[in-house]
Amino acid sequence: MRTPLIAGNWKMHKTVAEARALAGAVVDGVAATATRDRSGCDVVICPSFTALAAVADVVRGTEARGGGAHVGAHVGAQDAFWGDAGAFTGAVAMPMVAELASHVIVGHSERRTLFGETDDDVNRKVHAAFAHDLVPIVCVGETAAARDEGRADAVVLGQLDAATAGIAPDEAERLVVAYEPVWAIGTGRACDAGEAARIAALVRARLAEAFGDPVGRSVRVLYGGSVNPGNIAAYLAAEDVDGALVGGASLDAASFLALVDAART
Ligand code: 13P
């Protein structure tokens with residue numbers, strides 16, 4: 001059985017002090033819900049780079065790895081560069097992230113559209129993440145135009161194939177994929193849950209085809225795009241959707257904790 005995963009992508013929000021306060025409230029709340037007799041839920045908090053160390057300090061010691069209900073949270077970066085070191089002004093490398101975090105978001109649509117990130121960059125980042133024992137949360141998703149033209153499936157599967165090219169099955173097994181249709185991000189126009197489930201199933205089938213059935217069964221597929229406490233249950237009800245990657249609703253402890261609560265069965 002796959003453990004549900006709720007990840008908060010704070011994007012370019014929160015100073016260090018604000019991040020420390022929000023992470024503290026999230027960690028306390030996650031621990032409180034975990035004391036009930038309910039299933040585990042992996043929680044990943046992805047602050048900006050400047051707040052990564054502070055959030056890692058808050059989260060440290062709260063992670064319960066290795067069985068039982070997960071009572072803590074994990075830390076993720078929102079991106080990282082594929083080079084290990086070198087003259088890349090402004091970039092942050094995977095080994096730097098790995099000192100502070102266990103996860104890294106790769107290929108978010110905002111990176112692709114605002115910062116010119118290509119499928120090849122995403123693939124290099126996925127390889128670099130695995131090389132440093134980080135779990136990549138790979139984002140895929142079509143634009144409104146692509147969907148209108150009937151190319152949603154092709155775009156999603158094309159991005160997935162490109163992102164995962166050349167990775168080993170034992171790496172693929174640890175992958176997290178987030179289906180985030182670009183038109184649903186930050187718009188309040190969340191994707192129909194049935195459609196998100198259909199795409200999640202497509203993603204899973206493609207991974208099974210490429211890396212074998214065990215990988216298809218173990219990879220967690222998330223939905224992202226205007227997720228909130230009112231619509232999360234519809235996504236989680238789908239067999240192939242294992243959780244959510246959340247932007248706006250992750251910036252407030254109460255709404256984020258409501259999502260985590262919904263993911264505990
Ligand atoms: P919103 O939840 O704000 O739509 O953002 C989704 C997202 O991009 C998460 O990575």
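Both ligands and their constituent atoms are indexed starting at 1 by order of listing.
- Here the closest non-hydrogen pair linking F49 and A77 is CE2-CB, 3.9 Å.
- Set against the non-hydrogen atoms of H108, the atoms of ligand 1 under 4.0 Å away are 7 (C), 8 (O), 9 (C), 10 (O).
- Considering both main-chain and side-chain atoms, N9 comes within under 3.5 Å of ligand 1 through a nitrogen or oxygen pair.
- The closest approach between a heavy atom of G224 and any atom of ligand 1 is not below 4.0 Å.
- Protein heavy atom in closest approach to atom 3 (O) of ligand 1: G248 N, 2.8 Å.
- Short contacts between ligand 1 and L245, defined as distances under 4.0 Å to a heavy atom of the residue, involve ligand atoms 9 (C), 10 (O).
- Atoms NZ and SG, on K11 and C46 in that order, are 11.5 Å from each other to the nearest 0.5 Å.
- Between H108 and Q78, the side chains place no donor N or O within less than 3.5 Å of an acceptor N or O (distance only, hydrogens not considered).
- If you check which protein heavy atom lies closest to atom 5 (O) of ligand 1, you get K11 NZ, 3.3 Å.
- The OG atom of S250 sits 8.5 Å away from the NE2 atom of H13 when rounded to the nearest 0.5 Å.
- Nearest residue to atom 4 (O) of ligand 1 from G247, G141, G186 is G186 (criterion: closest heavy atom).
- Residue contacts with ligand 1 do not include A249, since none of its heavy atoms lies under 4.0 Å from the ligand.
- Among the atoms of T187, none of the N or O lies under 3.5 angstrom from an N or O of ligand 1.
- Nearest heavy atoms, L22 versus A253: CD1-N, 3.5 Å.
- Using a 4.0 Å cut-off between charged nitrogen and carboxylate oxygen, D42 and R2 do not count as a salt-bridge pair.
- A tilted orientation is assigned to the rings of Y223 and Y179, their planes being inclined by 30° to 60°.
- Considering L52, I45, L100 in turn, L52 is the only one that fulfils the side chain to side chain contact (heavy atoms under 4.5 Å, CB included) rule with V75.
- Atom 9 (C) of ligand 1 has E180 OE2, 2.9 Å as its closest protein atom, hydrogens excluded (heavy atom only).
- In the vicinity of S226, heavy-atom distances shorter than 4.0 Å reach the ligand 1 atoms 1 (P), 2 (O), 4 (O).
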